[in-house]
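To start, the structure itself, in structure tokens.
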Amino acid sequence: MTAFKSDFLRTMSERGFIHQTSDDAGLDKLFATETVTAYIGFDATAKSLHAGSLIQIMMLHWMQKTGHRPIALMGGGTTMIGDPSFKDEARKLLTPADIDANLVGIKCNFSNYLSFGDGQRDAIMVNNADWLMEINYVNFLRDVGRHFSVNRMLSFDSVKLRLDREQSLSFLEFNYMILQAYDFVELHKRYGCVLQMGGSDQWGNIVSGIDLGRRMMDASLYALTTPLLTTASGGKMGKTASGAVWLDPEMMSPYEFWQYWRNTEDADVGRFLKLYTTLPMDEVARLATLGGAEINDAKKVLATEITAMLHGRAAAETAAETARKTFEEGALSEDLPTVQVPAGELAAGIGLLTLLVRAGLAASNGEARRHVQGGAVRVNDQPVSNERMVVMSSATAHGPLKLSVGKKKHVLVRAV
């Protein structure tokens, strides 16, 4: 492991953020002697980022915390195409209106991680649509496209794997690498940006930007990538059986977000404390050594600290208290996730399997049926074995109905 001298790279290294850099020594010297401007791009494919993006957001957070200037680049232009990197098929094309709506939501994800402004070290948020949507195609081919070798582009793993599987790669998608490289050049011209960061799957795209900057402006640009994270059991970060772990509180409540991290596998606790919290490393080391029943205390700290960074300390503590009441006292907490069902629908009766899917406790009726057959489903803490059970309005006449799958998933059903 390289012994970095700069605060930022030393922090990145000891916390496990670094997979690869284009120049360890040059980048370390730059961070030790200058205020560095660096960026990470985020395409607007949904109305919120999910937990898989947190490692990138935390890198920008640490940049600012160690005295440098981060850029959160919104991909209003590149989302029009969609990044083909390591994808089995092309992304669904979004309309400009969809992308604009998604950008509004995504911008809110950063509010508690970065301080934006006009100062030398204030974070910047920009949209690559500002320049990509103004491109003249023929001029772009002459000025930028001539610097790209198709042979080299085909050699990058992100493209090569798709072709090796004999899966179609459209000309539209093939251009994504060129546009991302051009983003780096534009950000260097406009803001003096010298470093692009991202996941290791972006290495080829980032290196293309470095090469384009050298060819077009004789600029010295750098790359830093993070490892692609999976859970200890091989699961994808930011995903659950029921869907993505969204950062937007309207799409996933602070309690559900807290609960996701509370359920972290034992083997991941130390690693996640390093990556997703700002706790001092000696405290991280102490928590990581806890075993037996005490590991649950470390998981609660992990969940609370990550939730506090995203949603604020008050929301995190409320989520932790909701969990304590639910699991330790068996109480019905009003802060549990809620699903609202029209009173008329309840009056007519709604099937238990349908309700489990509606509440997000199962992805399909088949999965809901398996939960019931496996003895995992409870209504108001009473086990249910009848998969044909119908929930009527009388069940919510005196307050919300508590619907549970297993020991950790609970939702309140309210009539409206």
(message) Listing request: all salt bridge (charged side-chain N to carboxylate O under 4.0 Å, His left out) pairs with a residue in residues 203-228, at least two apart in sequence or in separate chains.
(response) Asp211-Arg214, Asp211-Arg215
(message) In the structure I gave you, are the side-chain heavy atoms of Leu290 and Leu287 within less than 4.5 Å of one another anywhere?
(response) yes
(message) Just to verify, what does Phe140 make a ring pair (Phe, Tyr, Trp, His ring centres under 6.0 Å) with, not counting sequence neighbours?
(response) Tyr182
(message) Between Arg324 and Ala320 (side chain of the first, backbone of the second, donor and acceptor by atom type, cut-off under 3.5 Å), is there such a pair?
(response) no
(message) Tell me every residue that passes salt bridge (Lys or Arg N to Asp or Glu O under 4.0 Å) with Asp266, counting only those two or more places apart in sequence or in another chain.
(response) Lys299
(message) Nearest 0.5 angstrom please: Asp201 CG to His19 NE2, how far?
(response) 10.0 Å
(request) Taking the side chain as every heavy atom from C-beta outward, state whether Ile55 and Met237 have any atom pair closer than 4.5 Å. (result) no
(request) Measure centre to centre between the rings of Phe110 and Phe42, then say whether the value is under 6.0 Å. (result) yes
(message) Testing the basics here: between Ile99 and Met80, what is the closest heavy-atom pair and its distance to 0.1 Å?
(response) CD1-SD, 3.4 Å
(message) I need the minimum non-hydrogen distance between Asp268 and Thr264, along with the two atoms involved.
(response) CB-CG2, 3.6 Å
(message) So, using salt bridge (Lys or Arg N to Asp or Glu O under 4.0 Å) as the criterion, who are the partners of Glu186 when residues are at least two apart?
(response) Lys189, Arg190
(message) Are the side chains of Thr21 and Tyr222 in contact, using a 4.5 Å heavy-atom criterion?
(response) no
(message) Can you give me the closest heavy-atom contact between Ala38 and Met63, atom names plus distance?
(response) CB-SD, 3.4 Å
(request) For Met177 and Ser208, work out which heavy atoms get closest and say how close. (result) SD-OG, 3.5 Å
(request) Name all residues meeting the salt bridge (Lys or Arg N to Asp or Glu O under 4.0 Å) criterion together with Arg262; count only those two or more places apart in sequence or in a different chain, and write none if there are none. (result) none
(request) Please answer whether the main-chain N or O of Gly406 pairs with a side-chain N or O of Arg378 as donor and acceptor at a distance below 3.5 Å. (result) yes
(request) Mind jotting down which residue pairs meet the side chain to side chain donor-acceptor pair (under 3.5 Å) criterion with at least one end in residues 130-140? Sequence neighbours excluded, please. (result) Trp131-Asp183
(request) Ignoring hydrogens and angles, tell me if any N or O in the side chain of Asn127 forms a donor-acceptor pair with the backbone of Gly76 under 3.5 Å. (result) yes
